[in-house]
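Written below as structure tokens is the structure these notes are about.
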Amino acid sequence: MSIFLQQVFNTLSSASVYALLAVGVTLVFGLTRIVNFAHGDLLTVGSYVLFLVAPAGAIWFLAGFAAAMVAVAVLAVVLERLLFRRTLVAPIRGFLVSLGLIQIIESGLSYFFTAGPRTVHPFIDRVWTVGGVDMPADRVVVIVGTAAVFLALTFYLERTKAGLMIRAVAIDAETAGLMGGPVTRTIAGVFALGGMLAGAGGAFGALLAPVTPFLGYALILKGFAVALIGGLGNVRGAMLGAVVLAALETVVITFGLSTWVSFFGFTLMIVLLIVRPRGLLRGVEAEI
Amino acid sequence: MDWNTIFSVTVESLINPTTIVYALAAIGLNVHFGYTGLLNFGQSAFLGVAAYGLAMSVATYGLPFFVGILVGLAGAVVLALLLGVPTLRLRADYLAIVTIAAAEIVRLLFRSVSLSKWTGGSDGLQRFSDDFYSRNPFTTGVNLWLFSFDRRELWVMVVGWTLVLIASLVVFLAMRSPWGRVIKAIREDEDAVRSLGKNVFSYKMQSLVLGGVLGSLGGFVFALSRAAVQPDTFGTEFTFYMYAIVILGGAARVLGPILGAALFWVLLNFINALLPAMISDGLIPRWVMDANQAGAVGYILVGAILILLLIFRPQGILGDKREVMLDAR
């Protein structure tokens, strides 16, 4: 039983980072139809902001966490203003632009911070044991922190006027605009929101595993796998997809197949797209 | 600073084997992306399957060279069918994500430890190109002004450029034919084509197979020119460069991929030769960049060029704006 609970705990901690990544991906896609592959690199930028602000870890982590969220949100809005806004008419152009951005961000990070892996000092450096389950405190922080972020996000999207506008633009941007809604500003806002989530994900991710400049690309493949599994464009679907993918990975690793982790993840995504083109929860229709 | 070396590296990139590999791969991708509007992001897998088909046939099973080529071609066709059945009904953006994932799956299979008995794992395979080089008619290399190639390179280049010529001719004739008109019509408006009674799925599949096979020729040249195959050379970065090349040269143009490949490598190799030379001569101070960072700067420029092209000139150099599927629809 305690082995099972241990796996559940491990699943939840990696699901947290996947969910923070995939929800940003799915929000931006839902409003703009842009497949933003550079979103994974926004997460890595968040990790490096944390390294800059909080090299000593401990209580500094909180400042680093806030700085990562703000910095990545600003970066995301700048990218939207300079690049993605010009590609809204043809989202596929936005996708190709994001591939160019991957080159720039990843090479840029390796230019400034060298290509080697970095680890952050722990926030709370101890391991709690509850009922035979070893819980490194930092992983608990990641899980609880992610839950808090998503509570706030759900409240924002479903209980505020700005959230209503986001959902309206996602359903039909043209009509939302005709009703007098600020469509352009809402899209910029969603880039900022996705950036904040990526910044949080980057800070949390750095607590879990070492970070290199080239991590973003591997991450974004998983991020889109998660978003597609859950239903691209559906926020709750992305959260569900994150748990599904993380659980699958935990099972695969438990069976000693750790080099096959991405193989099983991508295969699940492709099989699911054939069986259920909208993903687990209703997302954007995948078929033409 | 040794301008001779820098210029010779740059000028050689106009025609050297790497340019051939990318030109062939981009010609295939142009059939998918430029003419049919398929956002295939798994083109590297076609090159990989062809290269491994050849290498495994010869190095693992000891089959003759030409059987290896046939196995490689058959592999590319099978991959196109496997990839096409689940994905060709998907929206363009879904297709891109799924083909990226599929190419990653192929790469992971090649580098998997459990299959290394046949594929060589992450080290890959060698010793499959002897038969190819034993047919080399050149006895010496050339050393002409800025161009210097050894006899092996010359042989690869003669075969490679012949393949580029044949592939371009195939694309030129195919796209002038009634078949090509249907293909381009699918890019413009799939529903309209369907309403005229054409089987869109079947046409897309044919395009995927044709482009995949043309690309697989690049896989052969790639494997033979290095006399080795390694799984990690067939990553997504490979496909990304192919897209940069197709867009730079101009999508849906027969000569676009060739021009794109030559220009892309001339530019990248010029930067990659110039920056380290400037650093070692002290023209760029160390605090700006060292030799390791110079490589990163090259990649940043590649990304920046692609983005600028997409924003300001999505039709590339030769393309026609009305014919590029990157426009509003």
Side-chain angles (χ1 to χ4, degrees), chain A residues 29 33-35 37-38 82-83 86-112 114-115 213 217-218 220-222 224-225 227-228 232 257 259-267 269-271 273-275 277 284-288, chain B residues 33 37 39 41 85-98 100-102 104-105 108-109 111-114 190-191 194 200 235-237 239-240 243-244 247 289 292-312 314 324-329:
Chain A
F29 180 86
R33 294 289 179 273
I34 291 173
V35 173
F37 256 61
L82 285 180
L83 304 174
R86 296 162 192 266
T87 66
L88 285 177
V89 283
I92 285 173
R93 231 154 102 192
F95 169 56
L96 292 167
V97 163
S98 79
L99 294 174
L101 270 180
I102 291 184
Q103 295 276 317
I104 296 180
I105 298 178
E106 293 190 355
S107 304
L109 286 175
S110 76
Y111 176 93
F112 285 113
T114 74
Y217 180 71
I220 194 61
L221 282 178
K222 289 186 178 181
F224 270 99
L228 281 167
L232 202 47
L257 297 167
T259 52
W260 290 89
V261 163
S262 356
F263 175 84
F264 280 101
F266 296 149
T267 310
M269 172 181 96
I270 294 176
V271 171
L273 265 181
I274 301 168
V275 190
V284 174
E285 183 67 72
E287 294 188 349
I288 301 160
Chain B
F33 169 71
L39 215 55
F41 256 87
V85 170
T87 59
L88 286 182
R89 292 178 203 280
L90 300 176
R91 292 162 42 108
D93 32 26
Y94 277 67
L95 184 81
I97 300 166
V98 172
I100 286 188
E104 279 292 290
I105 289 178
L108 290 168
L109 283 176
R111 65 167 297 151
S112 130
V113 180
S114 2
E190 215 176 306
D191 291 328
R194 204 173 278 125
V200 169
T236 315
E237 209 170 57
T239 311
F240 170 73
Y243 265 91
I247 292 165
M289 64 177 103
N292 289 328
Q293 291 171 318
V297 172
Y299 290 119
I300 291 176
L301 286 173
V302 170
I305 289 170
L306 181 75
I307 290 176
L308 291 176
L309 269 174
L310 283 164
I311 302 275
F312 295 109
V324 176
M325 74 164 253
L326 296 171
D327 229 355
R329 40 198 54 218

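Predicted model only: the values in this text are computed from it and were never measured. Per chain, numbering begins at 1; letters A, B, ... match sequence-line order.
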- [ ] Using a 4.5 Å cut-off on heavy atoms from C-beta on, say whether the side chain of B:Leu310 contacts that of A:Thr87.
- [x] no

Task: Residue A:Val35 versus chain B: region with a heavy atom under 4.5 Å - done: side chain

- [ ] Drop me the distance from B:Arg89's CZ to A:Leu273's CG, to the nearest 0.5 angstrom.
- [x] 14.0 Å

- [ ] Mind listing the closest non-hydrogen atom pair of A:Ile274 and B:Pro86 along with its distance?
- [x] CD1-CB, 3.3 Å

Task: Residue pair A:Tyr111 / B:Gln293: nearest heavy atoms and the distance that separates them - done: O-NE2, 2.6 Å

Open item on the list: Report which part of B:Phe240 has an atom under 4.5 Å of a heavy atom belonging to chain A: side chain, backbone, both, or neither.
Closed with: side chain

Task: chain B contact via A:Leu83 - which portion, at a heavy-atom distance below 4.5 Å - done: both

TODO: Among B:Leu108, B:Ile311, B:Leu95, single out the residue with the greatest number of heavy-atom pairs under 4.5 Å to chain A.
DONE: B:Ile311

Task: Inter-residue atom distance B:Ile305.CD1 - A:Gln103.CD, 0.5 Å rounding - done: 11.0 Å

Task: Where B:Ile307 and A:Leu101 come nearest, the two heavy atoms and their spacing - done: CD1-N, 3.6 Å

Open item on the list: I'd like to check A:Ser262 versus B:Glu104 (side-chain heavy atoms, cut-off strictly below 4.5 Å). Are they in contact?
Closed with: no

Task: B:Thr87 portion near chain A, given a 4.5 angstrom heavy-atom threshold - done: neither

Task: Which portion of A:Ile270 sits near chain B, non-hydrogen atoms under 4.5 angstrom - done: side chain

Task: CZ on A:Arg33 to CZ on B:Arg91, rounded to 0.5 Å - done: 5.5 Å

Task: Residue part contacting chain A, namely of B:Ile300, when any heavy atom lies under 4.5 Å - done: both

Open item on the list: Looking at every heavy atom in both B:Gly303 and A:Ile104, which two are closest together, and how far apart are they?
Closed with: C-CD1, 3.8 Å

TODO: Could you please spell out the steps behind the side chain to side chain contact (heavy atoms under 4.5 Å, CB included) verdict for A:Trp260 and B:Leu109?
DONE: CA-CA 9 Å; A:Trp260 290 89; B:Leu109 283 176; 3.7 Å; yes

Open item on the list: Is B:Val85 in contact with chain A via its backbone, its side chain, both, or neither, using a 4.5 Å heavy-atom distance?
Closed with: neither

Open item on the list: With a 4.5 Å cut-off on side-chain heavy atoms, are A:Leu96 and B:Phe33 touching?
Closed with: yes

Task: Check against side chain to side chain contact (heavy atoms under 4.5 Å, CB included), A:Phe29 and B:Asp93 - done: CA-CA 10 Å; A:Phe29 180 86; B:Asp93 32 26; 3.4 Å; yes

Task: Atom group of A:Ser98 that falls short of 4.5 Å from chain B, counting heavy atoms - done: neither

Open item on the list: Heavy-atom count check: over 12 atoms from other residues, nucleotides or ligands less than 6.0 Å from B:Tyr299 OH?
Closed with: no

- [ ] Go through the steps to decide whether A:Phe224 and B:Ile100 satisfy the test side chain to side chain contact (heavy atoms under 4.5 Å, CB included), and finish with yes or no.
- [x] CA-CA 11 Å; A:Phe224 270 99; B:Ile100 286 188; over 6 Å; no

Task: Closest non-hydrogen atom pair, B:Ala101 against A:Met269 - done: CB-CE, 3.5 Å

Task: A:Phe95 ring center near B:Tyr243 ring center (under 6.0 Å) - done: no

